Amino acid sequence: MTNGKLGKPPDESYRIRTSGDIEVSTYLEIAKEIAGEQPVAAGEVVSKLKREVIVVIDFGSQYSLLIARRIRELQVYCELVAHDTPWEKIASLNPKGFILSGGPASVYEPEVPLVPAYVYESHLPVLGICYGMQALTKQLGGRVEQGKKYEYGHAVLHLSRPDSPLFIDIPASSPVWMSHGDMIEEMPPGFSALAYTENSPVAVMGSDKKIFGLQFHPEVAHTPHGKTILKNFIYQVCGCRGDWTISNFTSGSLRSIKKQVGSGKVICALSGGVDSSVVATLIHQAIGDQLTCIFVNNGLLRREEADRTLKVFQQNLGMNIIYVDASDRFLSRLKGMTDPETKRKAIGGEFIKIFEEEAKKMGKVDFLAQGTLYPDVIESTSSVSTASAKIKTHHNVGGLPTTMTFSLLEPLRYLFKDEVRQVGLGLGLPEEMVWRQPFPGPGLAIRIIGEVSEEKLDLLRAADWIFMNEIKKAKLYRQLWQSFAILTDVKSVGVMGDYRTYGYLIAIRAVTSNDAMTADWARLPYDLLAHVSNRIVNEVPGVNRVVYDITSKPPSTIEWE
Ligand code: XMP
């Protein structure tokens with residue numbers, strides 16, 4: 001993606017990052033910084049075990065992470081690094097090739113991020129996408145100009161050199177997704193045009209030095225053959241064989257956790273969510289009883305949740321679990337509180353206090369295990385996350401005070417969510433746990449509008465239970481990012497039998513999403529909605545009205561508070 005001079009592209013989620021914003025030395029370095037001197041990072045395990053790595057150099061496109069996902073889906077390990085990452089870091093990954101992402105800048109503007117010299121000096125294959133293509137064009141002696149019009153959306157790609165290795169299994173003409181204002185006016189010496197679209201005479205270019213450029217975005221779903229082009233690049237051009245598999249990751253990770261922890265003690269906050277469940281199981285398989293999990297029941301969980309979590313981890317998997325039923329503590333702390341952020345802070349603060357108390361009782365603890373994932377690592381380095389964090393502060397164990405001196409153990413920090421699920425399944429976790437929808441740390445407290453009470457919690461649990469079971473029965477659970485009930489602070493008049501009622505209003509919400517950054521309300525079947533509504537008003541005393549939330553994010557958020 002490039003901005004050009006033609007104004008902002010018509011995409012709401014467009015990430016504006018200037019070269020100045022990307023001052024972080026490298027994501028890897030930050031990962032290590034966070035993890036202390038001796039991080040147990042899957043990436044390190046991988047780079048030692050596996051020599052097949054593709055490095056994606058990030059110029060700030062909203063799709064950069066998607067490129068990395070696509071490469072991993074093609075079974076080649078891939079890391080996304082900032083464009084100013086020093087060569088030593090890259091060298092330790094021993095890459096087989098580079099992909100240059102798109103980005104919001106225009107190459108002819110001053111002080112824009114450029115491709116590091118080592119990319120060319122390494123003589124490794126390079127694939128520049130959109131801005132990445134324009135940057136390499138400029139640096140290698142070609143010319144990039146502002147296009148006559150911003151090209152955004154579908155275009156048809158026509159191959160002029162179908163014999164190019166990039167085009168194996170690609171039809172002569174196929175749809176591609178464009179998002180650029182600048183164009184290649186003159187290719188650098190040694191390059192030739194391999195394909196064109198109506199508005200881009202050089203939609204794909206290549207040189208016999210294995211350097212390629214694509215004007216469109218192969219990583220997005222709107223380019224149906226894009227993944228094949230990426231596959232051709234990594235397999236045909238870079239010579240990868242595809243050794244990134246989850247079972248390789250798991251076995252490497254088990255070995256490395258064992259080595260890193262030695263005879264040390266590890267604690268882990270278990271919530272029952274996918275990430276903490278997988279991280280705990282992985283570490284438990286590596287070091288057994290050296291791991292202790294702390295499971296705090298804050299009284300804000302859904303029906304049966306605490307029991308089920310305990311059953312899986314304590315009874316079935318035989319883990320050391322310290323179970324703390326702190327429901328009363330949380331409830332009394334929340335008394336009188338109505339503001340969402342105040343509630344969040346109170347819950348986060350109380351959780352940390354309890355966690356610390358329990359950890360202290362254990363004596364010396366060497367490691368704290370966390371279910372940090374790759375998108376979290378990357379997001380924590382971007383300016384976007386700072387802005388969005390102000391919308392709602394999400395509590396997790398990351399907020400532990402610095403007085404606690406553990407090293408962090410984050411074996412999932414180089415994995416995407418779908419990869420984490422596969423690790424979980426491979427470790428034998430039940431499907432129900434691995435496919436669980438996300439549930440916020442502050443739990444039902446942010447789904448009860450206003451003050452939280454025992455009575456309201458019971459009521460919400462009952463309504464939520466009905467909705468969740470009906471969603472599961474309709475086999476929609478996995479298709480939805482989240483589906484849940486909210487207890488509003490509205491009471492309305494109703495009539496039941498011969499009586500007038502004055503009862504609570506329950507809202508139900510179901511959304512589809514890929515990453516929770518944006519979400520669409522789910523078009524649930526009317527009959528299902530009718531059945532859920534009917535059951536809730538009949539089975540949950542005190543509720544006489546049910547509404548379905550038909551707002552997307554933005555402008556709403558997924559949660560109501
Ligand atoms: P929003 O409501 O901001 O939610 O659209 C986006 C995603 O984050 C979850 N969420 C939270 N998770 N602590 C959490 O651990 C929180 O305070 C919190 N608030 C929202 C929400 O469930 C959705 O998946």
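Here the structure is a predicted model, which means the values were calculated and not measured. Both ligands and their constituent atoms are indexed starting at 1 by order of listing.
No N or O atom of Ile446 sits closer than 3.5 Å to an N or O atom of ligand 1. Residue Arg447 has no nitrogen or oxygen atom sitting less than 3.5 Å from a nitrogen or oxygen atom of ligand 1, judged on distance alone. At a 3.5 angstrom cut-off on N or O pairs, Glu561 does not count as close to ligand 1. Checking only distances, Ala516 never comes within under 3.5 Å of ligand 1, N or O to N or O.
Evaluation of the ring-ring contact (aromatic ring centres under 6.0 Å, His included) test over residues 297-342, restricted to residues two or more places apart or in two chains, returns Phe295-Tyr323.
The ring pair (Phe, Tyr, Trp, His ring centres under 6.0 Å) test applied to Phe439 returns no partner, not counting sequence neighbours.
Contact annotation: Trp560 has no heavy atom less than 4.0 Å from any atom of ligand 1.
For atom 19 (N) of ligand 1, the choice among Glu559, Arg344, Arg509 with the nearest heavy atom turns out to be Arg344.
Salt bridge status for Asp458 with Arg461: present, with a side-chain N to carboxylate O gap under 4.0 Å. A salt bridge is absent between Glu358 and Lys353; no separation between the charged side-chain nitrogens and carboxylate oxygens falls under 4.0 Å.
Within ligand 1, counting atoms from 1 as listed, the ones closer than 4.0 Å to a heavy atom of Trp481 are 24 (O). Using a 4.0 Å cut-off to heavy atoms of Lys553, the atoms of ligand 1 that qualify are 1 (P), 3 (O), 5 (O), 6 (C).
Here the closest non-hydrogen pair linking Asn544 and Gly503 is ND2-N, 3.2 Å.
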Checklist entry - Are Arg478 and Glu431 close enough, and set up right, to give a salt bridge (Lys or Arg N to Asp or Glu O under 4.0 Å), and what steps lead you there? => result CA-CA 11 Å; Arg478 274 202 207 176; Glu431 291 235 345; 2.3 Å; yes
